[in-house]
Undergrad: 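For reference, the structure I am asking about is given below.
Atom set for the values below is all heavy atoms of this structure, side chains included, hydrogens, waters and symmetry mates excluded. Throughout, numbering of the chain's residues begins at 1 and tracks the sequence.
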Amino acid sequence: MDTIAVLDFGSQYAQLIARRVREAHVYCELYSHDTPEQEILALKPLGFILSGGPSSIYEPGAPQIPAYVLASGLPILGICYGMQALTHTLGGKVAPAAQREYGPAEIDITRENPLIPPGHHQVWMSHGDRIEVPPPGFNIFAHSENSPIAAMGDSNRHRYGIQFHPEVQHTPEGHEILRTFVVDICKAKPEWVPASIAEDAIRQIRQQIGDGKAIAGVSGGVDSYVAAALVHRAIGDRLQCIFVNNGLMRHGEPDQVVDAFIDVLGAKLKSIDATETFLDALDSVIDPEEKRRVIGEKFIRVFEEEAREFGDADFLVQGTIYPDVVESSGPDRRVAERIKTHHNVGGLPDDLALKLIEPLRYLFKDEVRAVGLEIGLPENAIYRQPFPGPGLAVRCLEQVTMERLDRIRQADRIVLEELNAANLMVGPITESKNSPTGTDRIAQAFAVLLPVRSVGVMGDQRTYAETIAVRAVTTDDFMTADWARIPAPILAQISTRIVNEVEGVNRVVYDISSKPPATIEWE
């Protein structure tokens, strides 16, 4: 399959570049700029995209373009810092801009070129340096008010640079610019489609497992469901699915998980109630990172024990997806700070006895759903609400107890009931004239129990009870998200029901934070 290599110089948008290339149905992988040459060239890329970054290319120690990128003779697209690095390396001049350019801007195309169509284009800028002299052989394609060289290129050698960010939604034609580069200029065939993704995943699973056996830890979420389904397609009855009820799941979820795996997949499933074990382990644990570590280790220990009962299985299947990997990146990956540890990535113990099978590790959430539908999984399971691996433990802020879990479980059920009744959630749509579509639909919604008590009055009596925060976001990739504009009457109904039906709660608030700066989950 044709591929593109994206080199990350520290951009906050680097993951979005990869996602937009995938949307053009071309496979790509994201690497740190200093990844060893042999690792990247083993991908046999047809072109390189150089991301933005926070450095100034002319400062000592600034990241530089690896020599093999230029020596390859392959097409190159430099974005923001990537454009400046290309200029600096090839003999042009980069200097501090008299005025920094952050946010929306307009560019004018001044020369016909194969990358950007003629006319005026709205774009998103984020830079403090600018190109003053292009490298030899490069022509200027566009300018903005503050950037005399907003786009440039050497069409003979297929090397291009753009000062703006085509990967963000604020550059409306950015998707087409990236598609033009990877398909028309790099000549990559757009074969990265759900059918090919599924076929490739099944082939790789068979290669990894061989004649061995595997166990799959299933949680009820779409990620573990699709991962288990792919492995079941690959090795059949040599897969044993294990569902651990850790007591941290949503209302009615344990029964729903069991029914889905037995009735739909036909896979072998063992259900274990380990509620007491997990709650004992979480006793007095307050820090969210420690919660994730404790839960992740408990899961693994249970799986290892079950693996011994299942004929000494060698492999553990996990539904790790690409955003999990990115957000859990640590000091060994210099291009990204760790945001939070996902229990199935950074929360794994060092002495893990099983080999991991992660068929979704390089997929975004929408790609996971598309693969699930491609292999015939039911829509109601594929569009199930995303749910964090540590479950309600990271939605029950600070102390996790059975009483507080019951409280958050009830509130969460009410939130989802009301939003689904209003047909506001992402998923199979029952059309109505008031139904939002696309990214206006809510991709994820839930309740959070805050360790905040406040005074209230109910039935003419004073109360002093906890607070529920409602979180609902719109997003297409879960890398970025915006808070959902839920109609006020629906918010009022949610609040009324929670206060009246959930004992120990007398106040409801609505979270209007986007990602970034916030994350979708509170912990």
Side-chain angles (χ1 to χ4, degrees), residues 19 169 219-223 225-226 249-253 256-257 260 321 323 364-370 372-373 377-388 391-392 394-395 407-450 467-502 505 507-516 518-522:
R19 175 160 165 47
Q169 297 286 1
S219 65
V222 62
D223 304 330
Y225 189 37
V226 174
M249 302 191 74
R250 294 170 288 198
H251 176 77
E253 201 157 36
Q256 294 169 10
V257 172
I321 64 173
F364 291 96
K365 178 73 75 173
D366 61 319
E367 292 176 321
V368 173
R369 286 185 168 132
L373 294 173
L377 300 182
E379 286 187 334
N380 62 347
I382 292 304
Y383 287 102
R384 194 178 186 85
Q385 272 285 288
F387 194 53
L392 296 178
V394 292
R395 294 179 180 174
R407 193 169 292 156
I408 186 63
R409 223 183 315 266
Q410 293 181 59
D412 189 74
R413 171 181 56 82
I414 291 169
V415 170
L416 293 180
E417 284 179 354
E418 292 299 326
L419 294 179
N420 279 315
N423 196 26
L424 295 178
M425 303 296 296
V426 162
I429 300 172
T430 302
E431 293 296 341
S432 75
K433 64 181 181 180
N434 295 320
S435 297
T437 59
T439 55
D440 290 334
R441 294 176 68 82
I442 297 170
Q444 188 171 5
F446 53 89
V448 181
L449 181 61
L450 306 183
T467 300
I468 287 288
V470 175
R471 180 72 158 145
V473 298
T474 59
T475 179
D476 60 356
D477 56 18
F478 291 85
M479 298 298 297
T480 61
D482 194 12
W483 61 278
R485 273 59 171 178
I486 298 175
I490 297 174
L491 284 174
Q493 176 68 4
I494 290 172
S495 177
T496 298
R497 284 194 60 191
I498 289 175
V499 171
N500 285 332
E501 298 176 29
V502 182
V505 174
R507 193 176 298 272
V508 177
V509 298
Y510 187 50
D511 182 350
I512 59 170
S513 308
S514 62
K515 175 187 178 179
T519 55
I520 295 176
E521 298 288 343
W522 278 49

Undergrad: Do you know which two heavy atoms are closest between Tyr510 and Ala484, and how far apart they sit?
TA: OH-O, 2.6 Å
Undergrad: Find out whether His251 and Asp412 are in side-chain contact, i.e. whether some heavy atom of one side chain is under 4.5 Å from a heavy atom of the other.
TA: no
Undergrad: Residues two or more places apart in sequence or in another chain: which of them pass salt bridge (charged side-chain N to carboxylate O under 4.0 Å, His left out) with Glu253?
TA: Arg250, Arg384
Undergrad: For the CG atom of Asp223 and the CD1 atom of Ile321, what is their distance to the nearest 0.5 Å?
TA: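 So the CG of Asp223 and the CD1 of Ile321 are separated by 4.0 Å.
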Undergrad: According to salt bridge (charged side-chain N to carboxylate O under 4.0 Å, His left out), does anything in residues 484-494 pair up with another residue at least two apart or in another chain? List the pairs.
TA: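 Non-adjacent pairs meeting salt bridge (charged side-chain N to carboxylate O under 4.0 Å, His left out): Asp482-Arg485.
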Undergrad: Any heavy-atom pair between the side chains of Val499 and Ile468 that's under 4.5 Å?
TA: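 No. Closest side-chain heavy atoms not under 4.5 Å.
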Undergrad: Tell me, do Val415 and Ile498 make a side-chain contact under 4.5 Å, heavy atoms counted?
TA: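 Heavy-atom side-chain distance check passes, below 4.5 Å.
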Undergrad: Counting C-beta onward and ignoring hydrogens, is there a side-chain heavy-atom pair between Ile442 and Ile486 closer than 4.5 Å?
TA: yes
Undergrad: For Arg369, give me all partners under salt bridge (charged side-chain N to carboxylate O under 4.0 Å, His left out), at least two apart in sequence or on another chain.
TA: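 Residues passing salt bridge (charged side-chain N to carboxylate O under 4.0 Å, His left out) with Arg369: none at all.
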Undergrad: Show the numbers, then the answer: is there a side chain to side chain contact (heavy atoms under 4.5 Å, CB included) between Thr475 and Gln444?
TA: CA-CA 8 Å; Thr475 179; Gln444 188 171 5; over 6 Å; no
Undergrad: Are Val470 and Ser495 close enough that some pair of their side-chain heavy atoms sits under 4.5 Å apart?
TA: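 No; the side chains remain at least 4.5 Å from each other.
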Undergrad: Quick one: list whatever passes salt bridge (charged side-chain N to carboxylate O under 4.0 Å, His left out) with Glu417, sequence neighbours left out.
TA: Arg413, Arg497
Undergrad: Could you give the distance from CG (Leu449) to CG (Leu392), rounded to the nearest 0.5 Å?
TA: 10.0 Å
Undergrad: Pair Gln410, Val505 - check side chain to side chain contact (heavy atoms under 4.5 Å, CB included), show working.
TA: CA-CA 11 Å; Gln410 293 181 59; Val505 174; over 6 Å; no
Undergrad: Taking the side chain as every heavy atom from C-beta outward, state whether Asn423 and Arg441 have any pair of such atoms under 4.5 Å apart.
TA: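 Asn423 reaches Arg441 side chain to side chain.
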Undergrad: If the condition is ring-ring contact (aromatic ring centres under 6.0 Å, His included), which residues does Tyr225 pass it with, not counting sequence neighbours?
TA: Phe261
Undergrad: Measure the CG-CD1 distance between Asp511 and Ile520 for me, rounded to the nearest 0.5 Å.
TA: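 So the gap between those two atoms works out to 10.5 Å.
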Undergrad: Please report the shortest heavy-atom distance between Ala481 and Val473, naming the atom on each side.
TA: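 Ala481 and Val473 have their closest heavy atoms at CB-CB, 4.0 Å.
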Undergrad: At what distance, to the nearest 0.5 angstrom, does CG of Leu419 lie from CD of Gln493?
TA: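 It comes to 11.0 Å.
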Undergrad: Which pair of non-hydrogen atoms, one from Ile408 and one from Ala447, has the smallest distance, and what is that distance?
TA: CD1-O, 3.2 Å
Undergrad: Does Tyr383 reach the side chain of Met425, with side-chain heavy atoms less than 4.5 Å apart?
TA: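 No - every pair of side-chain heavy atoms lies 4.5 Å or more apart.
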Undergrad: CG of Leu424 to CG of Leu416: how many Å apart, nearest 0.5 Å?
TA: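 The CG atom of Leu416 is 11.5 Å from CG of Leu424, to the nearest 0.5 Å.
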Undergrad: Could I get the full list of salt bridge (charged side-chain N to carboxylate O under 4.0 Å, His left out) partners for Arg409, not counting sequence neighbours?
TA: Asp406
Undergrad: Of the non-hydrogen atoms in Ile382 and Val226, which two are nearest, and what is the gap between them?
TA: CD1-CG2, 3.9 Å
Undergrad: Any non-hydrogen side-chain atom of Arg507 less than 4.5 Å from a side-chain atom of Leu450?
TA: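 The answer is no; the side chains never approach within 4.5 Å.
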Undergrad: Which value, rounded to the nearest 0.5 Å, describes the distance between Lys515 atom NZ and Arg471 atom CZ?
TA: 9.5 Å
